[in-house]
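Scope of the values below: all heavy atoms of this structure, side chains included, with no hydrogens, waters or symmetry mates. Just so you know, these numbers come straight off a predicted model, no measurement behind them.
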Amino acid sequence: MRIAFIGGGKMVTEMVRGFNRSGLTRVDLGIWMRNKDKLHNFSVKHNITPLAKMSELARYDAIVLGITPKNYREVISKIAKHLCENHILISIVGGLSIQEIDDEFDEHPKIIRLMPNTPVGVNAGVLAMSKNEFVEKKEAKQVEETLSRLGYTHWIEESLMHLMPAVTGSSPTFIYMLVEAMADNAVSEGLNRDLAYQMISEMIIGAGTMVRQTKEHPGVLKDQVTTPGGSTIQGVKMLEEKGFRDSISKAMDAINAFNKA
């Protein structure tokens, strides 16, 4: 599948970086940007074909809308003139529904709404997807296989897409804060900072893999570590006293509330 990107923001950059790492290069990837100097610099840096004109979109199977909600109407009006029947529009525009995109076109295009997170840049992202009825089953499978190069893919109902920033999109920030806090503590006790970052991040990968592969309830896995009278349960008690679970829940609520506004 050949993919063209519209816009070159942070998420597009991470997606292109991940595709490059997976073996897709300028033969498979193209990009159009309004600023031609930025387009040239981006294409050189990220091994992607620069598209001087939107008419060149005809060579691609999928078009990724990596634009801001503020600019999408202007850009989509330009894309509409060059959209082919076989094109699949993949939108990563925050808060923009499939129906809102469809409303901008005279005919119903094939639309996939995508919510990736920044770890797609290291091929370890989580990508939530929903689609309209015009995307055929074989096309959805092809898109999923291509996007799986960037990490874990999941089809969900579009009505749940507003939850994804809190569940997967913004939440890596919570983990980065956890890594930083744990590393600061370890450094205060004498551990080398780089080693602390490495070991803590490896621990998080391992814990996540345990949840994902064993299918055990996280509480069961927690109990397997908290031996009676041991040190781990002392740490758990302190987290509970400080409102650890409630803080995470409230942070997710804040993200959800912002995205509903």
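Pairs of residues two or more places apart, or lying in two chains, never qualify as salt bridge (charged side-chain N to carboxylate O under 4.0 Å, His left out) while including a residue from residues 83-99. Within the structure, salt bridge (charged side-chain N to carboxylate O under 4.0 Å, His left out) contacts touching residues 130-149 (residues at least two apart or in different chains) are K110-E139.
Taking NZ of K242 as the start and OG of S247 as the end, the distance is 11.0 Å to the nearest 0.5 Å. Atom CG of D61 is separated from atom CG of N86 by 6.5 Å, given to the nearest 0.5 angstrom. Considering CD1 of I233 and CD of E240, their distance stands at 8.5 Å, rounded to 0.5 Å. Going from atom NZ of K250 over to atom CD1 of I248 covers 12.0 Å, rounded to the nearest 0.5 Å. Note that CD1 of I90 and CG of L114 are 6.5 Å apart. Values are rounded to the nearest 0.5 Å. For the atom pair N117 CG and S171 OG, the distance stands at 7.0 Å (nearest 0.5 Å).
Here the shortest heavy-atom pairing between R17 and G121 reads CG-O, 3.8 Å. Scanning both residues, W155 and A140, for their nearest heavy atoms gives CZ2-O, 3.6 Å. A183 and R193 get closest at one heavy-atom pair: CB-NH1, 4.3 Å. Taking every heavy atom of both residues into account, G66 and V12 meet most closely at CA-CG2, 3.8 Å. Between N192 and L195, the closest heavy-atom pair is OD1-N, 3.0 Å. Nearest approach of G94 to P69, heavy atoms of both residues: O-CG, 3.6 Å.
M115 and F5 fall into different hydrophobic clusters, defined by Ile, Leu, Val, Met, Phe, Trp and Tyr side-chain heavy atoms under 4.5 Å apart, directly or through other members. Linking Ile, Leu, Val, Met, Phe, Trp and Tyr residues whenever their side-chain heavy atoms come within less than 4.5 Å places M161 and V167 in a single cluster. Cluster annotation: I255 and M11 are assigned to distinct hydrophobic clusters (Ile/Leu/Val/Met/Phe/Trp/Tyr, side-chain heavy-atom contacts under 4.5 Å, transitive). Transitive grouping of hydrophobic side chains (ILVMFWY, heavy atoms separated by less than 4.5 Å) brings I112 and L150 into a common cluster. Using a 4.5 Å cut-off between side-chain heavy atoms of Ile, Leu, Val, Met, Phe, Trp and Tyr, with links allowed through other members, I31 and I88 fall into the same hydrophobic cluster.
Under a 3.5 Å cut-off, the side chain of N123 and the backbone N or O of G18 do form a donor-acceptor pair. Between the T146 side chain and the Q142 main chain, a donor and an acceptor come within less than 3.5 Å of each other. N132 places a side-chain N or O within donor-acceptor distance of the main-chain N or O of P109, the cut-off being under 3.5 Å. The backbone N or O of R245 lies less than 3.5 Å from no partner atom in the side chain of S249, so there is not a single donor-acceptor pair. Using a distance-only test at 3.5 Å, with no hydrogens or angles considered, a donor-acceptor pair links the side chain of R2 to the main chain of V27. For S130 (side chain) and E157 (main-chain N/O), no donor-acceptor pair under 3.5 Å exists by modelled atom type. No donor-acceptor pair closer than 3.5 Å links the side chain of N47 to the backbone N or O of T25. Of the possible donor and acceptor atoms, none in the side chain of H46 sits under 3.5 Å from a partner among the backbone N and O of I48.
Salt bridge E56/R59: present, at least one basic N to carboxylate O contact under 4.0 Å.
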Let's go through Q99 and D103 carefully: what are the C-alpha distance in whole Å and the side-chain angles of both, what is the deciding distance for side chain to side chain donor-acceptor pair (under 3.5 Å) to 0.1 Å, and is it a yes or a no? CA-CA 6 Å; Q99 186 60 56; D103 288 345; 2.7 Å; yes
Checking K237 against E241 for the salt bridge (charged side-chain N to carboxylate O under 4.0 Å, His left out) test, could you report, in this order, the C-alpha distance in whole Å, the side-chain angles of both residues, the deciding distance, and whether it holds? CA-CA 6 Å; K237 284 179 60 182; E241 289 178 15; 5.4 Å; no
Worked check of side-chain contact (heavy atoms from CB on, under 4.5 Å) between I204 and V179: CA-CA 9 Å; I204 291 171; V179 171; 3.5 Å; yes
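Applying the under-4.5 Å side-chain rule to Ile, Leu, Val, Met, Phe, Trp and Tyr, the cluster around L89 extends to I6, W32, L51, M54, L57, Y60, I63, L65, I67, Y72, V75, I76, I79, L83, V93, L96, I98, I101, F105, I111. The hydrophobic cluster containing L221 also includes M210, V211, under a criterion of side-chain heavy atoms closer than 4.5 Å among ILVMFWY residues, counted directly or through chains of members.
Dense packing is recorded around CD of E202, with more than 12 heavy atoms of other residues, nucleotides or ligands lying under 6.0 Å away. For OH of Y197, the number of neighbouring non-hydrogen atoms (other residues, nucleotides, ligands) closer than 6.0 Å is greater than 12. Other residues, nucleotides and ligands contribute more than 12 heavy atoms inside 6.0 Å of the NE2 atom of H154. At most 12 non-hydrogen atoms from other residues, nucleotides or ligands lie less than 6.0 angstrom from CE of M177. The environment of CG in N35 is crowded: more than 12 heavy-atom neighbours from other residues, nucleotides or ligands sit within 6.0 Å.
Between L191 and V187, the closest side-chain pair of non-hydrogen atoms is not below 4.5 Å. Here the side chains of P50 and R26 are in contact, with some heavy-atom distance below 4.5 Å. When side chains are defined from C-beta on, H217 counts as touching V220, because their heavy atoms get closer than 4.5 Å. The shortest distance between side-chain heavy atoms of M238 and F244 does not fall below 4.5 Å. Between V120 and F19, every side-chain heavy-atom pair lies at or beyond the 4.5 Å cut-off. By the 4.5 Å heavy-atom criterion applied to side chains, L29 and N20 are counted as neighbours.
A donor-acceptor contact closer than 3.5 angstrom links the side chains of T68 and N71. For the residue pair E100 / S97, a side-chain donor-acceptor distance below 3.5 Å is found, with atom types taken as modelled.
Residues meeting the ring-ring contact (aromatic ring centres under 6.0 Å, His included) test with H108, sequence neighbours left out: F134. Take H87 and apply the ring-ring contact (aromatic ring centres under 6.0 Å, His included) test, not counting sequence neighbours, and it matches no residue.
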